[in-house]
J.: 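Here's a structure for you.
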2 protein chains.
Amino acid sequence: MISSRFSVAIHILSLIDIHEGKIKSEYIAGSVNTNPVVIRRIMSMLGKAGLIESRAGVTGIKLLKPLSAISFLDVYRAVELPENDVLFNIHRNSNPQCHVGRNIQSALEQPLTEAQRQLENTLAQTTVAQVVGHIQSQS
Amino acid sequence: MISSRFSVAIHILSLIDIHEGKIKSEYIAGSVNTNPVVIRRIMSMLGKAGLIESRAGVTGIKLLKPLSAISFLDVYRAVELPENDVLFNIHRNSNPQCHVGRNIQSALEQPLTEAQRQLENTLAQTTVAQVVGHIQSQS
DNA sequence: TACAATGTAACCTTATCAGTTACAACTCAA
DNA sequence: TTGAGTTGTAACTGATAAGGTTACATTGTA
């Protein structure tokens with residue numbers, strides 16, 4: 001299952017936008033209902049992905065792109081798939097002396113890559129701005 | 001990341017088909033390069049999903065459907081998503097006194113459900129028979 | 001009846017995640 | 001310039017899940 005970091009990250013970005021950056025990690029933690037360090041940890045990933053910027057000692061977070069230019073895929077890539085960007089964990093070390101063991105990996109690669117591509121395609125089509133739009137339309 | 005159970009399950013089904021069911025868990029384990037109990041554990045899930053049938057004491061596994069009728073989605077559902085069938089873990093317990101916290105969950109539900117649906121759609125379009133076809137076309 | 005295979009429970013190790021404490025580094029206002 | 005307040009991170013603690021392993025009861029068959 002994809003970790004809750006992903007949905008928390010979208011929550012964080014929405015709050016930054018709505019409060020125009022004048023917000024601290026402790027406030028965000030109060031809205032998410034978790035510890036400020038959890039928030040700062042996720043913000044650190046968003047920062048490394050070039051989505052936000054913040055500075056030690058300074059209250060406030062800057063969005064480096066408008067939310068309409070930040071897709072779910074951008075967020076997903078920022079906080080998930082740490083090393084190899086692969087969704088399906090194909091077992092390695094199959095027995096090369098077995099015909100099936102020798103070829104199973106290459107047989108799985110194409111369809112599973114395609115499935116991941118479709119998932120990412122869909123994630124690319126929603127922006128965080130749409131989330132804020134939905135939230136603002138609620139009472 | 002989706003666990004390797006999924007790819008191992010496809011490996012198992014391919015072997016059963018190629019050997020026409022005359023095969024034991026120990027042999028499969030040799031091809032996958034793991035412990036027979038790991039294989040039997042996954043076979044148990046495939047059995048509960050109605051894809052295969054085997055009996056204690058009897059060598060051999062029966063496919064309950066032709067591989068051309070077993071999609072990657074069938075296998076995925078058999079061995080992953082144990083309880084709630086949800087791919088994205090949305091954080092619960094957001095602060096209901098915060099406008100964002102109160103509405104983030106409903107804002108995320110629709111796009112994430114759609115993304116999962118697209119992934120599953122793609123998985124539904126590949127069958128395990130295609131994997132066996134690919135393997136048999138190799139040397 | 002004895003052998004061989006399956007089905008499962010139980011345990012261990014490892015990895016990841018989320019929560020938490022602690023603290024260094026940094027800003028800015030008084 | 002000092003002190004309060006904030007961020008950035010390291011480190012530790014469960015909790016949970018996965019894969020590997022041992023052990024053994026159950027079952028069918030030669």
Side-chain angles (χ1 to χ4, degrees), chain A residues 1-9 11-12 15-16 19 21-30 32-49 52-62 76 79-84 86-94, chain B residues 1-9 11-12 15-16 19 21-30 32-49 52-62 76 78-84 86-95:
Chain A
M1 189 147 71
I2 278 105
S3 80
S4 71
R5 277 200 305 268
F6 176 61
S7 64
V8 171
H11 192 148
I12 292 170
L15 281 169
I16 295 171
H19 292 86
K22 298 180 190 70
I23 197 177
K24 37 185 171 168
S25 63
E26 200 184 333
Y27 176 87
I28 300 176
V32 173
N33 217 338
T34 184
N35 193 287
V37 176
V38 172
I39 301 301
R40 296 206 284 266
R41 199 184 282 152
I42 294 173
M43 290 209 312
S44 167
M45 299 190 217
L46 295 174
K48 279 174 187 144
I52 64 174
E53 196 174 62
S54 57
R55 284 165 59 207
V58 182
T59 301
I61 306 125
K62 191 176 166 192
Y76 176 72
V79 302
E80 301 284 339
L81 302 176
E83 72 261 24
N84 56 5
V86 162
L87 179 62
F88 292 93
N89 184 2
I90 301 180
H91 60 294
R92 314 278 156 198
N93 313 327
S94 290
Chain B
M1 188 146 76
I2 278 102
S3 78
S4 70
R5 276 201 304 271
F6 176 60
S7 64
V8 171
H11 192 148
I12 292 171
L15 281 170
I16 295 172
H19 291 86
K22 298 181 191 68
I23 196 178
K24 38 185 171 168
S25 63
E26 200 185 333
Y27 177 86
I28 300 176
V32 173
N33 216 340
T34 183
N35 193 289
V37 175
V38 172
I39 300 300
R40 295 205 284 264
R41 199 185 279 152
I42 294 173
M43 291 208 313
S44 168
M45 299 191 217
L46 294 174
K48 278 174 187 145
I52 64 174
E53 197 174 62
S54 56
R55 285 165 60 208
V58 181
T59 301
I61 306 127
K62 190 177 166 192
Y76 176 73
V79 302
E80 301 284 337
L81 303 175
E83 72 261 24
N84 56 4
V86 162
L87 180 62
F88 291 93
N89 185 1
I90 302 180
H91 60 295
R92 314 279 155 197
N93 314 326
S94 290
N95 188 343

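Numbered from 1 within each chain, the chains take letters A, B, ... in sequence-line order. Keep in mind the model is a prediction, meaning the values are calculated, not measured.
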J.: How many Å lie between CD1 on B/Ile39 and P on D/dG20, as a whole number?
T.: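 Value for this atom pair: 9 Å.
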J.: Quick one: B/Ile28 CD1 to C/dG7 P, roughly how many Å, whole number?
T.: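 Going from B/Ile28 (CD1) to C/dG7 (P), I get 11 Å.
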J.: From A/Ile12 CD1 over to A/Ile39 CD1, what is the distance, rounded to the nearest 0.5 angstrom?
T.: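 The CD1 atom of A/Ile12 sits 4.0 Å away from the CD1 atom of A/Ile39.
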J.: Taking only the side-chain heavy atoms of B/Ser25 (C-beta and beyond), determine which of C/dT6, D/dG8, C/dC17 contains the nearest atom.
T.: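 In terms of side-chain proximity for B/Ser25, the closest of C/dT6, D/dG8, C/dC17 is C/dT6.
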J.: Let me know the distance between CD1 of A/Ile42 and C1' of D/dG8, rounded to the nearest Å.
T.: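 So the CD1-C1' distance, A/Ile42 to D/dG8, works out to 15 Å.
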J.: Starting from P on C/dT14, measure out to CG on A/Asn89 and report it in whole angstrom.
T.: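 Rounding to the nearest Å, CG of A/Asn89 and P of C/dT14 are 18 Å apart.
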J.: Let me have the donor-acceptor pairs involving side chains of residues 40-49 of chain B, under 3.5 Å, with sequence neighbours excluded, atom names and distances please.
T.:
from    : atom 1 : to      : atom 2 : distance (Å)
B/Arg40 : NH1    : B/Ser25 : OG     : 3.1

J.: Quick one: is C/dT6 close enough that its OP1 or OP2 comes under 4.0 Å of any side-chain N or O from B/Thr59?
T.: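 Checking B/Thr59 against C/dT6: no side-chain N or O falls below 4.0 Å of OP1 or OP2.
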J.: Sugar-phosphate atoms are those with a prime plus P, OP1 and OP2; base atoms are the rest. Using that split, label each nucleotide of nucleotides 21-30 of chain D B, S or - for protein heavy atoms under 4.0 Å, 5' to 3'.
T.: BBB---BS--
J.: I need the CE-C1' distance between B/Met43 and C/dT8, as an integer number of Å.
T.: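 Atom CE in B/Met43 sits about 13 Å away from atom C1' in C/dT8.
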J.: What is the distance from NZ of A/Lys24 to C1' of D/dG5, rounded to the nearest Å?
T.: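 Interatomic distance, NZ of A/Lys24 to C1' of D/dG5: 7 Å.
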J.: Would you check if the side chain of B/Asn33 reaches a backbone N or O of A/Asn93 as a donor-acceptor pair within less than 3.5 Å?
T.: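 Checking the backbone N and O of A/Asn93 against the side chain of B/Asn33, a donor-acceptor pair under 3.5 Å is found.
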J.: Do you know which two heavy atoms are closest between A/Phe6 and A/Tyr76, and how far apart they sit?
T.: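 In terms of heavy atoms, the two residues are closest at CE1-N, 3.5 Å.
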J.: Measure the shortest side-chain to side-chain distance between B/Ile2 and B/Glu80 over non-hydrogen atoms and say whether it is less than 4.5 angstrom.
T.: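 Yes. Closest side-chain heavy atoms under 4.5 Å.
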J.: In this structure, how many angstroms lie between the P atom of D/dG19 and the NE2 atom of A/His91, rounded?
T.: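 From A/His91 NE2 to D/dG19 P: 11 Å.
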J.: Would you say B/Ser54 places a side-chain N or O within less than 4.0 Å of OP1 or OP2 belonging to C/dA5?
T.: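 No, outside the criterion.
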J.: Would you mind reading off the distance between B/Ile2 atom CD1 and D/dA18 atom C1', rounded to a whole angstrom?
T.: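 So the CD1-C1' distance, B/Ile2 to D/dA18, works out to 14 Å.
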J.: Rounded to the nearest 0.5 Å, what separates atom NZ in A/Lys24 from atom OG in A/Ser54?
T.: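 One finds 14.5 Å between NZ of A/Lys24 and OG of A/Ser54.
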J.: Could you tell me how the ring of A/His11 sits relative to the ring of B/His91: parallel (under 30°), tilted (30 to 60°) or perpendicular (over 60°)?
T.: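 Tilted: the ring planes of A/His11 and B/His91 meet at 30° to 60°.
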